[in-house]
Amino acid sequence: MQAITQDTYGSTDTLTLRDVDAPVPDAGQVLVRVRAASVNAADWHVMRGDPRVARLALGLRRPKARIRGRDVAGVVAAVGAEVTHVQPGDEVYGEAGAADGAFAEFACLPAGQVAPKPARSTFEQAAAMPLAGCTALEGLRDHARLTAGQRVLVNGAAGGVGTFAVQIARALGAEVTGVCSTRNVELVRSLGADVVDYTVEDVTARTDRYDVVFDLVGNRRLRELRGLLTDGGTLLLAGGGVWDGGSLLGPIRLLVTGAVVGRLLRQRIVTFTATPTTERLTALAELFGSGAVTPVVDRTYPLAQVPEAIRHVETGHARAKTVVVVP
């Protein structure tokens with residue numbers, strides 16, 4: 001099969017399209033014939049080995065997983081002996097996790113991170129959903145325990161996770177304000193949020209306070225984000241940042257600070273890395289089916305142009321989701 005592989009950390013120049021052996025699923029895996037895959041910030045973080053401390057898990061000298069990409073939508077080609085909830089021929093979507101990934105003709109996914117593809121969705125739409133959609137769902141539903149009538153601020157509302165966060169918060173009955181740049185104001189407003197254009201207004205200078213602040217950018221100090229919260233509010237920190245030349249901690253610095261400081265405050269500070277479980281993927285599919293959530297796909301690329309797709313996302317200014325189509 002053809003796949004985008006990487007043998008050493010670095011820029012997109014380290015990515016190569018080559019022929020490799022197709023994977024074989026073990027007892028707890030699902031082999032998927034990939035039809036579409038989406039690009040996430042996690043892909044360029046792993047590609048760069050960024051932040052450097054992450055290499056303790058990713059591989060000290062080179063990535064343990066040679067094939068980039070995490071989000072998958074496609075058709076089940078085979079299942080392991082322990083897999084019962086999907087069968088060969090099913091249209092599915094899911095996330096590869098730390099294993100060899102989605103930018104390939106076939107990918108093996110952990111069975112617990114696969115679910116039936118949302119009915120009536122395209123493969124491109126489904127591929128856009130797993131990591132970004134589950135990050136938004138896990139943060140708002142599971143960690144913030146968002147309820148109807150609460151006020152939510154999403155910093156980075158036009159990005160991959162942000163576009164899902166706005167819609168999911170609205171679906172849960174919240175009043176939503178999104179922070180984005182001028183070119184994305186109409187997009188974020190169309191998703192149901194009030195908008196703060198950060199190029200003309202500093203959101204931290206506002207007197208408004210929010211029950212939940214979801215930071216997806218990592219460009220603010222912790223005290224600035226806390227200042228936007230009500231006394232008993234919840235701050236969600238789920239990464240962010242752009243390539244800064246390869247620092248030791250990068251955006252993890254804010255997450256570490258939040259985890260430590262959060263123990264001393266009435267306000268809740270939750271730092272997390274999302275896991276796209278079958279339950280969360282199923283919940284996302286239901287939100288799609290009800291019309292409450294629609295993935296926003298801004299650009300598509302063929303498999304051979306994955307380096308260009310990752311470069312686009314790595315800038316930190318990509319709108320919504322970028323999807324790779326695998327014929």
Side-chain angles (χ1 to χ4, degrees), residues 1-5 15-25 29-40 42-43 65-80 83 85-97 99-134 160 163-164 276-278 280-282 284-289 293-310 312-313 318 320-327:
M1 70 171 188
Q2 288 197 310
I4 296 291
T5 65
L15 303 178
T16 304
L17 178 67
R18 60 169 62 124
D19 290 321
V20 299
D21 292 335
V24 177
Q29 291 183 318
V30 177
L31 178 65
V32 177
R33 171 64 170 95
V34 180
R35 295 289 302 278
S38 71
V39 183
N40 294 284
D43 298 317
R66 294 180 64 218
I67 301 174
R68 297 281 62 78
R70 296 178 63 169
D71 286 344
V72 175
V75 179
V76 176
V79 299
V83 180
H85 68 296
V86 295
Q87 300 296 328
D90 290 351
E91 294 184 349
V92 298
Y93 78 133
E95 199 247 5
D100 275 339
F103 300 146
E105 293 178 318
F106 290 88
C108 271
L109 279 61
Q113 294 176 210
V114 177
K117 181 175 74 68
R120 299 185 301 280
S121 74
T122 66
F123 284 110
E124 291 82 1
Q125 287 176 316
M129 295 175 69
L131 188 55
C134 286
T163 51
F164 283 104
T277 63
T278 297
R280 291 184 182 123
L281 291 165
T282 301
L284 277 177
E286 292 172 354
L287 287 167
F288 179 93
V293 169
T294 300
V296 180
V297 177
D298 183 56
R299 298 189 183 190
T300 61
Y301 293 81
L303 181 63
Q305 292 181 15
V306 162
E308 289 86 345
I310 292 180
H312 173 63
V313 172
K321 291 297 296 182
T322 296
V323 172
V324 174
V325 178
V326 183

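- The side-chain contact (heavy atoms from CB on, under 4.5 Å) test with Val20 singles out one residue from Glu105, Gln2, Met1, and that residue is Met1.
- In this structure, Tyr301 contributes its side chain and Thr322 its backbone to no donor-acceptor pair below 3.5 Å.
- Nearest approach of Ala42 to Arg70, heavy atoms of both residues: CB-NH1, 3.5 Å.
- Between Ala127 and Pro130, the closest heavy-atom pair is O-CD, 3.3 Å.
- Taken to the nearest 0.5 Å, the CD atom of Gln305 stands 13.0 Å off from the NE2 atom of His312.
- Shown here for Thr278 and Ala111, the closest heavy-atom pair between the two residues is OG1-O, 3.4 Å.
- Applying the salt bridge (Lys or Arg N to Asp or Glu O under 4.0 Å) rule to pairs touching residues 295-307 yields Asp298-Arg319, sequence neighbours excluded.
- Note that CZ of Phe164 and CG of Leu284 are 7.0 Å apart. Values are rounded to the nearest 0.5 Å.
- Shortest non-hydrogen contact noted between Leu17 and Ala304 is CD2-CB, 3.9 Å.
- The line from CG of Leu15 to CZ of Phe103 is 9.0 Å long, rounded to the nearest 0.5 Å.
- With a 4.5 Å cut-off on side-chain heavy atoms, Phe123 and Val75 count as touching.
- Pro276 pairs with exactly one of Leu131, Val114, Asp71 by the side-chain contact (heavy atoms from CB on, under 4.5 Å) rule, that one being Leu131.
- Listed for the Thr16 side chain is no donor-acceptor partner under 3.5 Å among the backbone atoms of Thr5.
- Applying side-chain contact (heavy atoms from CB on, under 4.5 Å) to Leu109 and the options Val72, Val86, Val92 leaves one that passes, Val72.
- Summarising the geometry, atom CZ belonging to Arg68 is positioned 8.0 Å from atom CD1 belonging to Ile310; distances are rounded to the nearest 0.5 Å.
- Two residues are said to be in side-chain contact when any heavy atoms from C-beta on lie closer than 4.5 Å; Met129 and Leu281 fail this criterion.
- Around CG of Asp21, the count of heavy atoms belonging to other residues, nucleotides or ligands within 6.0 Å does not exceed 12.
- Side-chain atoms of Gln125 come within 3.5 Å of backbone atoms of Thr122 as a donor-acceptor pair (strictly under, hydrogens ignored).
- Considering all non-hydrogen atoms of both residues, Ala78 and Pro88 come closest at CA-CG, 4.2 Å.
- The distance from atom CD of Gln113 to atom CZ of Arg280, rounded to the nearest 0.5 Å, is 10.0 Å.
- Atom NZ of Lys321 is separated from atom CG of Asn40 by 3.5 Å, given to the nearest 0.5 angstrom.
- Between Tyr93 and Lys117 the shortest heavy-atom distance is CD2-CA, 3.8 Å.
- Under the salt bridge (charged side-chain N to carboxylate O under 4.0 Å, His left out) criterion, Arg120 pairs with no residue, sequence neighbours left out.
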